[in-house]
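Quick note: numbers below take in every heavy atom, side chains included, and nothing from hydrogens, waters or symmetry partners. Chain identifiers are assigned alphabetically (A, B, ...) following the order of the sequence lines, protein sequences preceding nucleic acid strands; residue numbering begins at 1 within each chain. Since this is a predicted model, take the numbers as computed values, not measurements.
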There are 4 protein chains.
Amino acid sequence: MRYDFGSDNTAGMAPAALQALVEANEGYARAYGADHVSARAADLIRQRLDADAEIRFVFSGTAANAIALSMLAWPHEAVLAHHAAHICTDETGAPGFFGSGVGLIGLPGFSGKIDPLALTAALDEPEVGHRQPPAALSLTQSTEYGTVYSEEELRHLIEPAKLKGCGVHMDGARLANAAAAGFDLTQIARLGVNVLVFGGAKAGANCTEAIVMFDKSLARRVDNRLKQAGQTASKARYLAAPFLGLLESKAWEQGAAHANQMALRLAEGFALGSPFVLAHPVEANAVFVRMPPEAHRRLNDLGWACYRFDDGSVRFVCSWATADAAVDELLEAVRGL
Amino acid sequence: MRYDFGSDNTAGMAPAALQALVEANEGYARAYGADHVSARAADLIRQRLDADAEIRFVFSGTAANAIALSMLAWPHEAVLAHHAAHICTDETGAPGFFGSGVGLIGLPGFSGKIDPLALTAALDEPEVGHRQPPAALSLTQSTEYGTVYSEEELRHLIEPAKLKGCGVHMDGARLANAAAAGFDLTQIARLGVNVLVFGGAKAGANCTEAIVMFDKSLARRVDNRLKQAGQTASKARYLAAPFLGLLESKAWEQGAAHANQMALRLAEGFALGSPFVLAHPVEANAVFVRMPPEAHRRLNDLGWACYRFDDGSVRFVCSWATADAAVDELLEAVRGL
Amino acid sequence: MRYDFGSDNTAGMAPAALQALVEANEGYARAYGADHVSARAADLIRQRLDADAEIRFVFSGTAANAIALSMLAWPHEAVLAHHAAHICTDETGAPGFFGSGVGLIGLPGFSGKIDPLALTAALDEPEVGHRQPPAALSLTQSTEYGTVYSEEELRHLIEPAKLKGCGVHMDGARLANAAAAGFDLTQIARLGVNVLVFGGAKAGANCTEAIVMFDKSLARRVDNRLKQAGQTASKARYLAAPFLGLLESKAWEQGAAHANQMALRLAEGFALGSPFVLAHPVEANAVFVRMPPEAHRRLNDLGWACYRFDDGSVRFVCSWATADAAVDELLEAVRGL
Amino acid sequence: MRYDFGSDNTAGMAPAALQALVEANEGYARAYGADHVSARAADLIRQRLDADAEIRFVFSGTAANAIALSMLAWPHEAVLAHHAAHICTDETGAPGFFGSGVGLIGLPGFSGKIDPLALTAALDEPEVGHRQPPAALSLTQSTEYGTVYSEEELRHLIEPAKLKGCGVHMDGARLANAAAAGFDLTQIARLGVNVLVFGGAKAGANCTEAIVMFDKSLARRVDNRLKQAGQTASKARYLAAPFLGLLESKAWEQGAAHANQMALRLAEGFALGSPFVLAHPVEANAVFVRMPPEAHRRLNDLGWACYRFDDGSVRFVCSWATADAAVDELLEAVRGL
């Protein structure tokens with residue numbers, strides 16, 4: 001089976017990440033994040049975001065998101081998110097586990113973007129004791145369906161949420177792809193996001209994500225919080241070094257730009273050379289295609305791993321590692337279906 | 001500051017671990033643990049333990065222990081452990097967090113080993129509705145104070161606990177050191193341990209530990225459990241490969257044997273060439289020394305990181321990376337205090 | 001404002017419940033449920049159900065349901081329920097709180113009854129690590145929309161669920177109304193329900209509900225579980241006595257029969273003497289009516305408390321206390337809208 | 001068996017409480033605490049405390065304490081309390097359950113009062129990531145061992161705790177007994193207590209306790225919090241009415257004064273007419289006696305329920321219902337041992 005397009009976590013570490021990890025392996029280092037590599041990687045992230053923030057590195061996006069949300073909402077409150085957001089559909093209820101029962105309110109919207117009217121309607125619901133009222137808004141950038149919010153679109157979601165007292169979380173597992181698509185990272189803090197998950201794994205690192213707390217009050221006793229949650233790395237350099245390598249070399253952005261380009265190439269191939277229609281605009285590194293079960297099965301049988309999503313379309317994802325030739329081979333297989 | 005003896009997680013990855021990680025980085029791999037490296041690493045662990053078991057790799061010992069305990073005890077029950085066990089003193093209450101309020105009952109005993117009489121007394125307490133009755137026994141091998149349980153000692157703790165219906169967890173963060181000290185790993189399953197944490201980080205890996213479920217009923221839906229707990233690696237090969245490298249090369253045991261030897265050398269130096277008395281038998285890779293605050297402070301000022309423990313002694317830990325010369329330098333510094 | 005029809009918890013205790021409570025107040029009683037009143041009330045419930053079971057009295061339906069579900073599903077699992085079930089919409093996420101993140105999967109179906117095909121589809125979903133797989137089925141009898149499952153309908157839901165290994169919970173907050181509508185209580189255990197909440201408050205008691213564990217393995221250490229959950233009554237007689245009074249006198253069933261009769265009278269009045277159409281069959285003690293916002297508002301302004309539900313209809317509920325005259329007054333007000 | 005002295009929850013409701021409950025039973029009432037009885041009972045409590053506060057009525061002291069603490073401490077933080085406090089020893093770990101793993105740090109001190117030096121030492125511990133740092137101080141008034149803090153003693157505990165940023169909780173399950181012993185209730189708010197549990201059950205009510213939030217910020221969305229925690233009474237009048245009756249009639253204080261007086265009478269009897277020494281000063285309604293196991297057993301055999309506590313002494317508790325004659329009968333039995 002070929003996993004080139006199965007997900008963006010089937011690729012390995014990008015060379016810059018691996019090299020930095022190997023270099024960081026030398027000698028002794030202070031444990032639990034008090035090392036130099038962690039400090040420098042955090043600095044580079046702050047530079048990219050042009051903002052001050054407390055930053056910690058954790059092992060998984062699931063934990064990063066769930067812990068960030070637990071900072072914003074009590075168990076008797078809820079988080080507003082797109083109904084297809086990763087936190088709603090793919091994390092086995094982690095927000096409820098880390099948040100001790102915190103609720104999720106799924107909002108509609110085309111192609112993974114929350115519909116502002118649906119958000120407003122949810123925010124305007126009168127509060128009653130027997131429901132979990134919203135305390136946080138969670139946004140995914142780029143979205144689960146491969147689209148990218150514009151700054152303006154984000155503003156129209158964040159402003160009403162903040163007016164109602166909600167905190168704002170951004171799931172940036174694929175933030176690099178959004179950046180490569182033109183999204184200006186320095187606007188995240190300015191738009192009022194309180195806590196961002198700055199993605200590593202899907203951008204060419206190993207399993208590492210950064211929790212970026214622009215709102216530093218959220219960072220009070222965060223080291224205790226992370227330790228208790230099993231997310232404190234004793235050998236923290238292995239979480240920070242890949243970020244360091246990717247950011248110093250700019251491979252973080254460049255790999256994402258390559259991934260996005262490969263997705264476009266793949267999308268064009270589908271559009272022009274196959275009967276399969278695109279299900280969503282291709283703005284980042286994923287291509288969603290309307291494909292009947294039979295064709296999907298045959299493609300799998302030909303050795304190409306790809307999965308059907310909740311909207312009924314089949315997803316193909318590109319990464320820093322996707323080869324032009326692989327795109328062409330896949331398209332050829334598709335044409336032959 | 002020199003961190004050689006501060007902990008056994010200040011050292012980097014051992015060469016065999018790093019090399020395996022670099023090799024595993026090649027090409028695409030199935031995500032979430034369905035890759036070949038994970039499968040082979042699990043096989044090697046089963047071989048070492050001479051037992052069948054379900055095995056999963058997670059990111060931290062804190063999570064591994066807390067999740068294992070949550071399999072054995074309900075929130076309204078408690079876990080019996082040595083009062084100085086890592087789960088009791090150094091994990092920010094992680095068992096209570098992952099176990100939604102599960103209790104910890106700290107038991108006494110010299111040098112980190114549970115006193116069998118104290119265990120029996122706790123097991124014999126009549127059950128009442130307003131206390132959390134014990135549902136699990138947690139053992140640490142080698143112990144927090146650098147001692148190693150004999151098979152016989154373990155049997156005298158495990159048998160009464162199992163008679164009372166308790167499950168048994170073993171925290172093996174330093175299991176390699178116990179093995180290097182002569183403890184027979186193939187006895188763990190036979191003694192009736194239900195779930196073992198097979199240590200990676202302190203044995204020369206990056207941040208990776210294996211949860212070994214001898215009792216396979218505990219593994220029901222364990223992938224959902226781990227995903228929800230933020231402990232499923234999307235790029236799982238980076239958790240498995242270092243184990244693979246360490247176990248194939250036997251560096252897992254050899255590094256621990258080296259660490260233990262260095263600890264003995266250090267202990268002899270303290271005993272023969274310093275006024276500082278050993279606080280505990282030195283059976284694994286840690287040396288605990290009775291040292292007045294003033295001497296401790298001066299040692300720190302000389303650049304040697306070392307920490308005071310709950311029993312009032314100062315701890316020095318050796319690892320696969322500890323150099324003979326470093327031991328000698330430390331001892332020279334100690335003699336000059 | 002008149003609360004006669006606002007809910008079935010706006011009425012007080014029925015005379016038989018109050019009298020039993022007053023009688024039980026005499027003298028000293030053992031605390032924490034070890035009293036004679038609790039024992040006798042439990043016996044009467046077992047008689048009604050013609051089944052052996054462990055029984056405990058708790059303070060609220062929310063707690064009773066959430067705790068019962070926490071016996072059946074782990075945090076990384078989910079509970080299947082009608083999307084309009086009380087546990088899904090009116091308990092502020094209590095199942096997730098008591099179940100530490102346990103998921104809820106809302107199923108469709110007309111008038112509050114789960115559609116068997118929707119249930120089968122949910123049970124047939126392939127299990128994946130990143131979703132919470134179903135571990136329990138929750139049924140409400142009588143339903144949130146005032147309908148009553150037949151034995152046959154329940155069998156067609158329970159059987160496939162049990163075949164897939166799910167436990168079964170029944171929310172019987174209005175079980176008395178179901179019984180008064182002809183549902184045979186002795187079938188509950190035979191159908192395979194594992195744990196039942198036997199309703200008190202809506203049947204004329206104060207705040208008290210009984211958790212009935214037909215599956216006695218669920219009762220292991222249940223006293224610890226309830227104490228930890230804040231649901232152990234120190235003066236337990238006040239939870240048991242009202243049940244005793246209602247069951248000895250048969251007021252439990254008779255009050256429900258009266259409530260159902262009043263609902264029918266009200267429904268007939270709506271059907272024959274108003275332009276407002278019934279939204280659901282009237283089989284128990286609630287009447288749901290399609291009523292435009294303006295009419296609803298005017299009815300409220302006339303002093304009649306009644307609330308709009310998630311399906312858009314307006315609910316009127318009858319209880320043991322509902323007077324014929326009140327029904328007539330309400331209908332007159334409705335006719336005058 | 002006679003339960004007169006077994007606990008102060010073996011007595012029934014005092015006449016004033018029962019009468020108010022019976023009166024409140026008349027007619028319809030708004031559900032979920034929006035009724036007049038709840039409002040008036042809260043007013044009377046505010047009067048007694050001479051302070052503004054948000055007040056809610058819940059079903060059990062265990063829940064009241066655990067929920068109050070969950071307002072003050074995150075899961076990764078801890079609560080400081082006397083090691084013999086009810087929350088530490090008698091609530092099956094409820095603070096950890098409602099607080100999702102929150103820690104308890106037990107402090108020493110004679111006769112149930114926290115030693116100020118021990119508190120200061122705990123507050124002065126340097127914070128580290130791997131321990132749960134204190135976020136709240138919990139005080140019990142009157143204490144678990146029947147003593148009463150003076151205003152001055154409380155000030156010396158509360159001030160250093162607040163200086164370190166801790167919130168303060170007071171468990172007032174026996175607050176009426178403290179008041180009857182001369183403790184000025186109007187000082188509670190002035191001393192800086194953030195949240196008080198104002199006891200009902202042990203003062204002659206049924207199972208009802210009031211959570212008094214002097215710090216109104218703690219009350220944000222408290223109705224959602226309580227509903228989720230299973231502590232919202234649908235028929236709230238039954239929680240509020242007994243308070244109303246007790247407070248309007250002053251039976252709340254008078255019953256406690258009687259209980260204290262009976263305890264003194266009992267204590268004198270032990271001191272003057274038995275070989276059994278008092279273990280603690282008798283300042284409220286409980287008498288603790290040093291009594292060998294054999295004597296204790298014989299007393300039980302004679303039909304007198306009484307229990308041995310963690311300090312090794314045997315406890316006798318008086319209540320509003322304790323009869324002079326019962327004290328004399330018990331003392332006669334004691335003399336005959």
Side-chain angles (χ1 to χ4, degrees), chain A residues 30-35 38 54 56-58 63 66-67 69-78 94-103 105 125-136 164-167 217-234 236, chain D residues 30-35 38 54 56-58 63 66-67 69-78 94-103 105 125-136 164-167 217-234 236:
Chain A
R30 287 190 68 180
Y32 303 117
D35 59 288
S38 296
E54 281 285 334
R56 294 295 184 281
F57 299 97
V58 299
I67 291 171
L69 293 173
S70 78
M71 298 172 179
L72 300 177
W74 288 94
H76 52 282
E77 296 179 324
F97 182 68
F98 283 89
S100 306
V102 77
I105 299 174
E125 281 273 316
E127 282 200 26
V128 288
H130 58 276
R131 303 262 163 111
Q132 289 168 291
K164 290 276 180 178
C166 286
S217 73
L218 300 178
R220 183 170 143 77
R221 292 178 169 168
V222 67
D223 292 320
N224 302 277
R225 188 192 286 270
L226 294 178
K227 179 70 182 170
Q228 185 183 45
Q231 293 291 328
T232 297
S234 59
Chain D
R30 286 191 69 180
Y32 303 118
D35 59 286
S38 296
E54 281 284 333
R56 293 294 183 283
F57 299 96
V58 299
I67 291 172
L69 294 172
S70 78
M71 297 173 179
L72 300 178
W74 288 95
H76 52 282
E77 297 179 323
F97 181 68
F98 284 90
S100 307
V102 77
I105 300 174
E125 281 273 316
E127 282 201 25
V128 288
H130 58 276
R131 303 261 163 115
Q132 290 168 289
K164 289 277 180 176
C166 286
S217 73
L218 299 178
R220 183 171 143 77
R221 293 179 169 167
V222 68
D223 292 318
N224 302 276
R225 189 192 286 270
L226 294 178
K227 177 70 183 171
Q228 186 183 46
Q231 291 291 328
T232 298
S234 59

With D:Ser100 via side chain to side chain donor-acceptor pair (under 3.5 Å) - residues at least two apart:
A:Ser100
Is any residue of residues 224-231 of chain A within less than 4.5 Å of chain D by heavy atoms, and which ones?
A:Asn224, A:Arg225, A:Lys227, A:Gln228
Set of side chain to side chain contact (heavy atoms under 4.5 Å, CB included) partners for D:Ala78, sequence neighbours left out
D:Ile105, D:Gln132
Does D:Arg56 reach the side chain of D:Asp223, with side-chain heavy atoms less than 4.5 Å apart?
yes
A:Glu127, A:His130, A:Arg221: which one forms the most heavy-atom pairs within less than 4.5 Å of chain D?
A:Arg221
D:Ala236 and D:Tyr32: which non-hydrogen atoms are nearest, and at how many Å?
CB-C, 4.2 Å
Nearest heavy atoms of A:Ala66 and A:Phe98, plus distance in Å:
CB-CD1, 3.5 Å
Can you say whether A:Val128 sits under 4.5 Å from chain D via the side chain, the backbone, both, or neither, judging by heavy atoms?
backbone
Taking only residues two or more places apart in sequence, or in another chain, which ones meet A:Arg30 in a side chain to side chain donor-acceptor pair (under 3.5 Å)?
B:Tyr3
Contact origin within D:Thr232 toward chain A - heavy atom pairs under 4.5 Å
neither
On a heavy-atom basis, which atom in D:Pro134 and which in D:Cys166 lie closest, and how many Å separate them?
O-SG, 3.8 Å
